[in-house]
Every structure is written in C-alpha cells, then in structure tokens.
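Before any comments, here is the structure.
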Amino acid sequence: MRLFGSHGSGEFQRSQFRRCGTNTVFETGVLVFHPGSISLGNNVYVGHYTILKGYHKNELVIGDDVWIGQQCFFHSAGGMSIGSRVGIGPGVRIITSYHREEGWHKPILASEIVFAPVSIGDDCDIGVNAVIMPGVTIGRGVQVGAGAVVTADVPDYGVAVGVPAKPVRQRPQIVS
Ligand SMILES: CC(C)(COP(=O)(O)OP(=O)(O)OC[C@H]1O[C@@H](n2cnc3c(N)ncnc32)[C@H](O)[C@@H]1OP(=O)(O)O)[C@@H](O)C(=O)NCCC(=O)NCCS
C-alpha cells in the first residue's frame, strides 16, 4: 500500500497566492505549497531556500514590512498568523501540527494529528534557528533568542531565550 504522495515541486506564481502585496521579494530557491491559502502583505522579503507550506484547511497570513531570513520552514497546517514589522532570522522553524500520543501500543505516525495555530504579533524579532511549536502565541514586540524552542506563550514585549524558552526580561513598550 502506498503511504506517501508527492507534494509537488513547490514552484509557484505570485498570482496563485490568496493575496500577494506590493514590493514582495522571493529570493532564489523559495518553495511554496498551497499558495491559495497564503496571504502576504506589502514589503515582504522571503529569503533564499525558505519553504512556505500552506494547507487547504487553514491560512498562513503575513502582514506588512516583514523580513524572513534564509532557509526558514513554516508549516501552517494548523493556521499561522505573523503580524507587521516582524523580523524572522535564518533557519527559523514554525510548526502547527503534531501527533497526539494515543498509547504506547500504537505507532506515533498512526495516531491522530492535532492542529494548533501559531500567532506572532506585530514588531517581533525571532532569532536565528528558533523553533516555534504548535499552539504558541507570541505577543507584540517580543524578542526570541537565537536557538530558542518556544513551547509556551510569550507575553507582549517579553524577551524569551533557551530550550524550552523562558522569559528573561521585558523590553520597553513602543510609543507611537
Ligand atoms: C535574546 C537576545 C536578544 C538577548 O540579548 P540581551 O538582552 O542583550 O541579553 P544578554 O546578552 O544580556 O543575556 C541575558 C541572559 O540570557 C542569556 N542568553 C542570551 N541569549 C541567549 C540565547 N540565544 N539562548 C540562551 N540564552 C541566551 C545570556 O547568557 C544571559 O544569561 P545570564 O543572565 O544567565 O548570564 C540575544 O542574545 C539573541 O539571541 N539575539 C538573537 C540574534 C539573532 O538571531 N539575530 C538574527 C539576525 S538576522
């Protein structure tokens, strides 16, 4: 019995996105799957070899003025929202689904898939190689340290570092 089918090449056209704003840059090697469930704002930069995986049941929404570094991997099966004026360092992984453990006697790959959205607020900076786990909400103005694994929500203006990520201090709020 065949278990896995190809997801396709990841080649895409701008017109296939649900929305693709103005001045968006896609560097060489960017792959996009299900672009019809992905909305990009204006002035979005997507770095070399980044993979954006949309999903037919949920949306990946990215705001305005967002910089996404090289070799990032976003899997939005559970839904993903990234605000405006966000910087995402190279190699960041954001995932939104996982297999629920249903007992030791069942192979993990045969167990139920749980979908859990990730939200990243405006004015955040996600450090290089950070991993954002399913179901996490990152507030406004948050700094995530390089290499962090974020397993729990981070409040507005928090600085979170480590594995698992823990808040180490608060940043000053933006005055607008
Ligand atoms: C999170 C970060 C902003 C913290 O900077 P900071 O506020 O100047 O903090 P400090 O360097 O004073 O460190 C505070 C504490 O957190 C620890 N820490 C800092 N960064 C850390 C990290 N990435 N992972 C684990 N611990 C870290 C420090 O060792 C220090 O611990 P201590 O108090 O026990 O000595 C910074 O270290 C960082 O990781 N920046 C990300 C840079 C990046 O990836 N840029 C992308 C470029 S495109």
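Counting convention: from 1, in listed order, for ligands and their atoms alike.
Note on Arg140 versus Asp156: no salt bridge recorded, every NZ/NE/NH1/NH2 to OD/OE distance being 4.0 Å or above.
Per-residue contacts place Pro90 under 4.0 angstrom from the following atoms of ligand 1 (heavy atoms of the residue considered): 48 (S). Listed by number with element, the atoms of ligand 1 under 4.0 Å from a non-hydrogen atom of Val128 are 43 (C), 44 (O). Close approach to Gly127 involves these atoms of ligand 1, each under 4.0 Å from a residue heavy atom: 43 (C), 44 (O). Near Ala146, meaning under 4.0 Å from one of its heavy atoms, ligand 1 places the atoms 22 (C), 23 (N), 24 (N), 38 (C), 39 (O), 41 (C), 44 (O).
By the 30° and 60° cut-offs, the orientation of the rings of Tyr45 relative to Trp67 is parallel. In this structure, Phe17 and Phe26 have parallel ring planes: the angle between them is below the 30° cut-off, well short of the 60° mark.
Atom 36 (C) of ligand 1 has its closest protein heavy atom at Gly145 CA, 4.9 Å. Among protein heavy atoms, the minimum distance from atom 4 (C) of ligand 1 is reached at Val159 CG1, 4.5 Å. What sits closest to atom 17 (C) of ligand 1 on the protein, heavy atoms only, is Val161 CG2, 4.3 Å.
Side-chain contact of Asn43 with Asp65: a donor-acceptor pair under 3.5 Å is present, judged by distance alone. Under the 3.5 Å distance criterion, with hydrogens and angles disregarded, a donor-acceptor pair is assigned to the side chains of Asn42 and Thr22.
Within a 4.0 Å radius of atom 47 (C) of ligand 1, the protein contributes no non-hydrogen atoms. Under the 4.0 angstrom criterion, atom 26 (N) of ligand 1 counts as having a protein heavy-atom contact. Counting protein heavy atoms under 4.0 angstrom from atom 15 (C) of ligand 1 gives zero. Protein heavy atoms are absent from the space less than 4.0 angstrom from atom 33 (O) of ligand 1. For atom 39 (O) of ligand 1, a protein heavy-atom neighbour is present inside the 4.0 Å cut-off. There is a protein heavy atom less than 4.0 angstrom from atom 7 (O) of ligand 1. For atom 12 (O) of ligand 1, the nearest protein heavy atom lies 4.0 Å away or farther.
Here the side chains of Ile174 and Asp122 are not in contact, with every heavy-atom distance at 4.5 Å or above.
Backbone and side-chain nitrogen or oxygen atoms of Arg169 are examined, and one is located within less than 3.5 angstrom of a nitrogen or oxygen of ligand 1.
Between Phe115 and Tyr55, the ring center distance clears the sub-6.0 Å criterion.
Once rounded to the nearest 0.5 Å, the distance linking CD1 of Ile62 with CD1 of Ile38 reads 7.5 Å.
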Practice task
For the pair Ser37 and His56, evaluate side chain to side chain contact (heavy atoms under 4.5 Å, CB included) and give the outcome as yes or no after the intermediate values.
Solution key: CA-CA 6 Å; Ser37 61; His56 62 282; over 6 Å; no
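Within 6.0 Å of atom CD in Glu112, more than 12 heavy atoms from other residues, nucleotides or ligands are found, so the atom counts as buried in its surroundings.
Comparing Gln143, Arg171, Lys166 against atom 2 (C) of ligand 1, the shortest heavy-atom distance belongs to Gln143.
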